[in-house]
K.L.:
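Just dropping this structure here.
No hydrogens, no waters, no symmetry mates; every other heavy atom, side chains included, goes into these values. In the text below, chain A, chain B and the rest are named by the order of the sequence lines, each starting its count at 1.
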Amino acid sequence: MTKLPLSWFEGTNVVEIARLLIGKIIRTDFDGKLTSGRISETEAYAGVSDKASHAFGGRRTARTETMYANGGTAYVYLCYGIHHLFNIVTNVKDVPHAVLIRGILPLEGEEQIRQRLNKPNPIPSGKLATGPGLVSKALGISTLHTGILLENTITIWEDGFHPERIEITPRIGIDYAKEDKDLPYRFLLV
DNA sequence: CAGTAGATGCTCT
DNA sequence: GAGCATCTACTGT
């Protein structure tokens, strides 16, 4: 198992990176509570030219500033007042690309994950944490972690796993993005 | 099962 | 003041 270096996220093709992230492992280590999961669903947000992106048209605000950071930075923000959505910034500094992590299959710390999700009893194998809000909740990620580099408490790992088949579809919940809403930027492990 | 309502708070106009 | 890169609980079959 090897940790992906920050330079891995500095690639210029955010769609390619979103696809390559399928099957990788995301791990968090907060307060000695280790949890990890295999990434099963991602979406690419392609910066200033992508109407679905917060940084469309080069918008820079207090919230989106993090998207302009160097690749390998965590971008976490609050949606619908409740849900903390976890993204990985890609590309070089000042190019606001990001990949949203929408689903994981829990690996380590299942006990801890069940506690965080308030699922006391069984583990219905497979889709324990699908949906971007639940991914953050399961791993204990919140908006407090926006702007940090993926090198200590939050890290991405590569083991020998190779996805057999990846499904590609349009992104979810972005109808407002008009002509960009049907771009095939969503990747799922099947 | 499917379908819908309501929660909830920050960001940008 | 509107609108979200959503989830849960509750309804009714």
Side-chain angles (χ1 to χ4, degrees), chain A residues 9 13-22 26 35 37 39-69 71 73-91 95-106 113-148 150 154 156 166-189:
Chain A
F9 301 99
N13 188 339
V14 66
V15 178
E16 175 80 357
I17 291 176
R19 187 170 62 75
L20 290 174
L21 277 172
I22 295 292
I26 176 169
T35 48
I39 296 171
S40 59
E41 186 178 342
T42 61
E43 282 179 5
Y45 285 85
V48 298
S49 61
D50 181 357
K51 287 198 172 176
S53 170
H54 290 160
F56 173 67
R59 248 183 342 178
R60 285 186 101 119
T61 67
R63 176 176 66 155
T64 62
E65 191 60 31
T66 303
M67 293 189 79
Y68 292 83
T73 302
Y75 172 48
V76 189
Y77 78 98
L78 194 62
C79 186
Y80 297 106
I82 305 175
H83 305 291
H84 300 257
L85 302 207
F86 173 69
N87 302 250
I88 299 173
V89 175
T90 70
N91 214 311
V95 181
H97 289 181
V99 176
L100 171 66
I101 308 299
R102 291 187 56 91
I104 59 167
L105 307 171
I113 289 175
R114 289 210 318 267
Q115 270 181 35
R116 286 179 180 146
L117 296 178
N118 284 327
K119 292 229 154 82
N121 295 333
I123 297 187
S125 74
K127 296 190 161 187
L128 189 54
T130 51
L134 292 185
V135 169
S136 310
K137 201 172 172 189
L139 297 174
I141 296 172
S142 78
T143 52
L144 295 174
H145 306 294
T146 201
I148 69 170
L150 303 180
I154 308 176
I156 310 291
I166 293 177
E167 191 175 329
I168 305 177
T169 77
R171 293 169 291 182
I172 301 296
I174 54 150
D175 286 350
Y176 62 88
K178 307 204 167 169
E179 65 266 28
D180 286 337
K181 79 180 169 62
D182 294 322
L183 291 172
Y185 282 4
R186 176 170 176 245
F187 302 92
L188 299 109
L189 187 61

K.L.:
Atom pairs under 3.5 Å, N or O on each side, protein against nucleotides 11-13 of chain B: can you list them with distances?
P.N.:
residue : atom : partner : partner atom : Å
B:dC12  : OP1  : A:T61   : OG1          : 2.2
B:dC12  : OP2  : A:T61   : OG1          : 3.2

K.L.:
Do A:I26 and A:V135 touch side chain to side chain, with heavy atoms closer than 4.5 Å?
P.N.:
no

K.L.:
Got a sec, which residues hit side chain to side chain contact (heavy atoms under 4.5 Å, CB included) with A:P96, two or more places apart in sequence or on another chain?
P.N.:
A:V48, A:A55, A:M67, A:Y68

K.L.:
Could I get a table of every N or O pair under 3.5 Å where one atom is in the protein and the other is in nucleotides 3-8 of chain B?
P.N.:
residue : atom : partner : partner atom : Å
B:dT8   : O2   : A:Y80   : O            : 2.6

K.L.:
Remember a base hit wins even if backbone is also touched, and classify A:L78 as base, sugar-phosphate or nothing at under 4.0 Å, heavy atoms.
P.N.:
sugar-phosphate

K.L.:
Which residues pass the side chain to side chain contact (heavy atoms under 4.5 Å, CB included) test with A:T66, sequence neighbours left out?
P.N.:
A:T73, A:Y75, A:T146

K.L.:
Would a distance-only check, ignoring hydrogens and angles, find a side-chain to backbone donor-acceptor pair under 3.5 Å from A:S53 to A:A46?
P.N.:
no

K.L.:
Could you pull out all residues at least two apart from A:S136 that satisfy side-chain hydrogen bond (donor to acceptor under 3.5 Å, both in side chains)?
P.N.:
none

K.L.:
What heavy-atom pair brings A:A18 and A:T42 nearest, and what distance separates the two atoms?
P.N.:
O-OG1, 2.9 Å

K.L.:
According to side chain to side chain contact (heavy atoms under 4.5 Å, CB included), who are the partners of A:L188, at least two apart in sequence or on a separate chain?
P.N.:
A:E41, A:E167, A:T169, A:R186

K.L.:
Considering only distance and modelled atom types, tabulate donor-acceptor pairs under 3.5 Å from the side chains of residues 174-185 of chain A, sequence neighbours left out.
P.N.:
residue : atom : partner : partner atom : Å
A:Y176  : OH   : A:A52   : O            : 3.3
A:E179  : OE1  : A:K51   : NZ           : 3.4
A:E179  : OE2  : A:K51   : NZ           : 3.0
A:D180  : OD2  : A:K51   : N            : 2.9

K.L.:
Let me know, please, whether A:Y176 or A:K137 comes out on the 5' side of the other along DNA chain C by nearest nucleotide.
P.N.:
A:Y176

K.L.:
Going by salt bridge (Lys or Arg N to Asp or Glu O under 4.0 Å), name the residues that satisfy it together with A:R171, two or more places apart in sequence or in a different chain.
P.N.:
A:D50

K.L.:
Could you give the start and end, 5' to 3', of the contact zone on DNA chain C for chain A, using atoms under 4.0 Å from its heavy atoms?
P.N.:
C:dC4 to C:dT8

K.L.:
Of the non-hydrogen atoms in A:H54 and A:R59, which two are nearest, and what is the gap between them?
P.N.:
O-NH2, 2.8 Å

K.L.:
Wobble G-U and Watson-Crick pairs count when both distances are under 3.5 Å; given that, what is the 5' to 3' dot-bracket string of DNA chain C, with | for pairing to other strands?
P.N.:
||||.|||||||.

K.L.:
Taking only residues two or more places apart in sequence, or in another chain, which ones meet A:F56 in a ring pair (Phe, Tyr, Trp, His ring centres under 6.0 Å)?
P.N.:
none

K.L.:
Any side-chain heavy-atom pair from A:I156 and A:F9 closer than 4.5 angstrom?
P.N.:
yes

K.L.:
Keeping to residues at least two apart or across chains, list the side chain to side chain donor-acceptor pair (under 3.5 Å) pairs with something in residues 78-91 of chain A.
P.N.:
A:N91-A:H97

